[in-house]
Amino acid sequence: MTIKEIAQLADVSISTVSKIMNNKDESISAETREHVMKIVKEYHYRPYASSIPPTNKSFLIGVILRTASEISSLVPGLLAAASRLGYTILLQDSSLSIENERKNISFLLQSHVDGVLWEPVSDESMQLAEAFEKAQIPFIFTNIEQTNAYNLDFEELGYFAAETLVKKHHETIACLSGNGFRESAFYHGYRQCLLDHHLPIYEDLTSQNDEISFYRISEHAYSGIVIFHYEDALRLYERALARHYSIPTELSMISLQGHTESRHTYPPVSAVSIPCQAFGEKLMEELIRIIEKKEEKISFQFSLSLNHTLSVAAPFNLKLKRVISLGSVNIDNYLHFETLPHTGRSVTTETASIYAGGKCINQGIGVSRLGHNVSLIGRVGNDADADFIYETLKNHQIDTFGITRSSGFKTGQAYIFVQDDGESMISMMAGANQAVTANDVEKQERLFAQADYCLMQTEIPFPALIRACELAKKHQLTTVLKPSACTKLPDALLRQTDIIVPNLDELHAISPGSTSMEEKAASLLSYGIGTAIVTLGAQGCYIKTKSFEAHLPAATFTAIDNTGAGDAFISALVSYLLYGYDILSAAKIATFAAGFSTAAQGTVPALIDKDTLETLIRQREPKLLKKEERIL
């Protein structure tokens, strides 16, 4: 390709092309210059000469990095933009050495580059700029604290990170930044965001040099934190996890994440992706704009977003209602028979199933599926069955830090015999469940400070249940007791129970005598219990309070396994009380959840989710979900 051919393609004179190529184009319009340059770059035209005079365009751009490891994330963007705009990059690494930087400048001058993108090693490097000025080679600075430098707007990143938490209704937000001009910019963005949203800035919750006191999380001194360095965020997350703090339940975290850190998938810290590649492209576009004397400046505005929201949620005091489930944790061993075994008769089966179970898990998962946050408290053994339970619970949005291993104990076992018509009988080996203590509950007091209901089941020692009641009263939780596998209940437990939900056999066990069901339910209220609900299987349930009593029919389903009906009932009852329904409406909704659970095998697999339950109710009894028309 010759200069004559370029002139013909551009429909200009050879002289015009020559002037543009030799930077003597002051008299040529910007439109013509751009038109000619476009064709020159498309056809990769280079002037014929054994050596290219300094005044000629080389279509080479020099890039001098302070150290390649610090800014390597920009390089893909630099290369992409240069290639797209018809230039080649000469990339030089100063390795943090002024002497190397001086050599790099000399090399680029000899290479007759058209322009230079420069990341200076230090302030002393500014003195070297004279060489480029003398050679009339355009250059721009980046990644240095100079007013004429082009830098990523870390103040905007700090503002965006803080504002993300503000939009989640956080009012006490900490900041961990660090030294350096980028970290300082991030910190100032954080401060400006709080000022703009009229939120207080607590100096003891901000640090540019040292870590913020980790232990202030337990005091709820701050509900969210923004962190400049991703590695600092990972360390904080791991420390929180080791101390059984829940992220983001108790602390929301947002950090910055560059290209080299994007490979991290655990811990799952939410991060603002630093737009390094896009910034690199803009830097190169701006330098080429200056080289080619274009008037319209390049915009350095970027769209910011989080990589995910796994460590971001509303503050603990504004989250969805939380429920504590305290009780037995078992492996449920299901055996299926045409008819159940009994004295003097053996039966065999070819069908068996194993599930994670126990009333602590069953009711916890039931409430979780119906839309609420749940924390479990209980014990498992130090065995493979415990591993199976932990693995199962990973699939549910449930706080399991209250489930602890017990050395010297096996995980509890439930042996469930199910007849073809859904009738069942259960035998249990307590295992680690018998090791649950009042101290176990005491250690989890922080959960009571964040909860609204405490579900309790009597398949663990009474002292643990009584301590749970004491903490529930201290933190104003409603207590719900399922009296399972027991006879007489301690008065101290009954006096602190708000709602008790026995089935008919359990009612007779805890209230022996020849009186009627209604009289026995009424006797429970004499301890100060507010509501007694007796579940009656296919006959529905009976509700007794001091002001009324009611019989509610069951929802009709074809029963396959009725083992988990009671847990499904309690899960739905509490969930819809939390949604603001009165006790009768919540109990009626709970009969649908209980009935649905009998139509499938296994307790946990049969627990219904909120969408399915409400769709079912709308089909059968649509008015039930309308609070303005509910039963009073």
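Hydrogens, waters and symmetry mates play no part in the numbers below; they use all other heavy atoms, side chains included.
- Under the 3.5 Å distance criterion, the side-chain polar atoms of Arg369 are left unmatched by any main-chain donor or acceptor of Ile608.
- The closest donor-acceptor contact from the side chain of His372 to the backbone of Ser575 lies under 3.5 Å.
- Side-chain atoms of Glu183 and Asn179 include no donor-acceptor pair closer than 3.5 Å.
- Here Ile225 contributes atom CD1 and Ile254 contributes atom CD1; the two are 11.0 Å apart, rounded to the nearest 0.5 Å.
- Sorted by first then second residue, the ring-ring contact (aromatic ring centres under 6.0 Å, His included) pairs that include residues 74-101, not counting sequence neighbours, are Phe59-Tyr87.
- Thr142 and Glu119 share no side-chain donor-acceptor pair at under 3.5 Å.
- Contact check on Arg191 versus Glu203 returns a salt bridge, with a Lys/Arg side-chain nitrogen under 4.0 Å from an Asp/Glu carboxylate oxygen.
- Put simply, the side chain of Ser125 gets close to the backbone of Ser122: a donor and an acceptor are under 3.5 Å apart.
- Residues Ser368 and His396 have side chains that never bring a donor and an acceptor to within less than 3.5 angstrom of each other.
- To the nearest 0.5 Å, the span separating CG on Leu304 from CD on Glu156 amounts to 5.0 Å.
- Without hydrogens or angle criteria, His112 side chain to Lys57 main chain gives no donor-acceptor distance under 3.5 Å.
- Counting only distance, with no hydrogens or angles, the side chain of Asn151 and the backbone of Ile144 share a donor-acceptor pair below 3.5 Å.
- How far NE2 of His170 is from CD of Glu163: 13.5 Å, rounded to the nearest 0.5 Å.
- Looking only at distances, no side-chain donor or acceptor of Thr400 sits under 3.5 Å from a matching main-chain atom of Ile403.
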side-chain contact (heavy atoms from CB on, under 4.5 Å) between Ile61 and Ile291: does it pass, once the steps are laid out? CA-CA 10 Å; Ile61 289 179; Ile291 292 169; 4.1 Å; yes
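- A donor-acceptor distance shorter than 3.5 angstrom exists from the side chain of Thr164 to the backbone of Phe160, with no hydrogens or angles considered.
- Between Lys610 and Glu614 there is a salt bridge, since at least one side-chain N of the basic residue sits less than 4.0 Å from a carboxylate O of the acidic one.
- Here CD1 of Ile398 is found 5.0 Å from CG of Leu376. Values are rounded to the nearest 0.5 Å.
- Using a 4.0 Å cut-off between a side-chain N of Lys or Arg and a carboxylate O of Asp or Glu, Glu145 and Arg182 do not qualify as a salt bridge.
- Between Lys41 and Glu292, at least one side-chain N (NZ, or NE/NH1/NH2) sits under 4.0 Å from a carboxylate O, which counts as a salt bridge.
- Of the residues Phe186, Phe302, Phe228, Phe279, the one that meets the ring pair (Phe, Tyr, Trp, His ring centres under 6.0 Å) test with Phe154 is Phe228.
- Between Arg446 and Glu250 there is a salt bridge, with a side-chain nitrogen of the basic residue lying less than 4.0 Å from a carboxylate oxygen of the acidic one.
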Step by step, work out the side-chain hydrogen bond (donor to acceptor under 3.5 Å, both in side chains) result for Gln110 and Ser106. CA-CA 6 Å; Gln110 293 176 35; Ser106 177; 3.2 Å; yes
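- Classification of Glu238 and Arg235 as a salt-bridged pair fails, no side-chain N sitting under 4.0 Å from a carboxylate O.
- Remark: Leu447 CG to Phe401 CZ distance equals 10.5 Å, nearest 0.5 Å.
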For residues 128-138, please give each side-chain donor-acceptor pair under 3.5 Å, one per line with the distance, not counting sequence neighbours.
none

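- With His197 contributing its side chain and Cys193 its backbone, the two residues share a donor-acceptor pair below 3.5 Å.
- Gln192 and Tyr159 form no side-chain donor-acceptor contact under 3.5 Å, judged by distance and modelled atom types alone.
- For Gln619 and Thr615, the side-chain atoms include no donor-acceptor pair closer than 3.5 Å.
- Without hydrogens or angle criteria, Thr16 side chain to Val12 main chain gives no donor-acceptor distance under 3.5 Å.
- Salt-bridge annotation for Asp93 and Arg66: absent, with no side-chain N of the basic residue lying under 4.0 Å from a carboxylate O of the acidic one.
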List the steps and the verdict of salt bridge (charged side-chain N to carboxylate O under 4.0 Å, His left out) for Glu99 and Arg102. CA-CA 5 Å; Glu99 184 58 33; Arg102 189 176 286 109; 3.0 Å; yes
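- Counting only heavy atoms from C-beta outward, the side chains of Val75 and Leu79 approach each other to under 4.5 Å.
- Put simply, the side chain of Ser270 gets close to the backbone of Ser311: a donor and an acceptor are under 3.5 Å apart.
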Leu625 and Ile589: side-chain contact (heavy atoms from CB on, under 4.5 Å), yes or no, with the steps? CA-CA 8 Å; Leu625 294 174; Ile589 291 170; 4.0 Å; yes
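- Note on ring orientation: taking the six-membered ring where Trp is involved, the planes of Phe139 and Phe141 are perpendicular (angle over 60°, cut-offs 30° and 60°).
- Atoms CG and CG, on Leu157 and Leu152 in that order, are 6.5 Å from each other to the nearest 0.5 Å.
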Mind running side-chain contact (heavy atoms from CB on, under 4.5 Å) on Asn143 and Tyr150 for me, showing each step along the way? CA-CA 7 Å; Asn143 200 24; Tyr150 291 80; over 6 Å; no
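- Side-chain contact check for Lys293 versus Arg33: some heavy-atom pair is nearer than 4.5 Å.
- There is a side-chain donor-acceptor pair under 3.5 Å between Ser94 and Asn104.
- The 12-atom threshold is exceeded at CD of Glu26, counting heavy atoms of other residues, nucleotides or ligands nearer than 6.0 Å.
- Side-chain atoms of Gln257 and Val269, non-hydrogen and from C-beta on, never get closer than 4.5 Å to each other.
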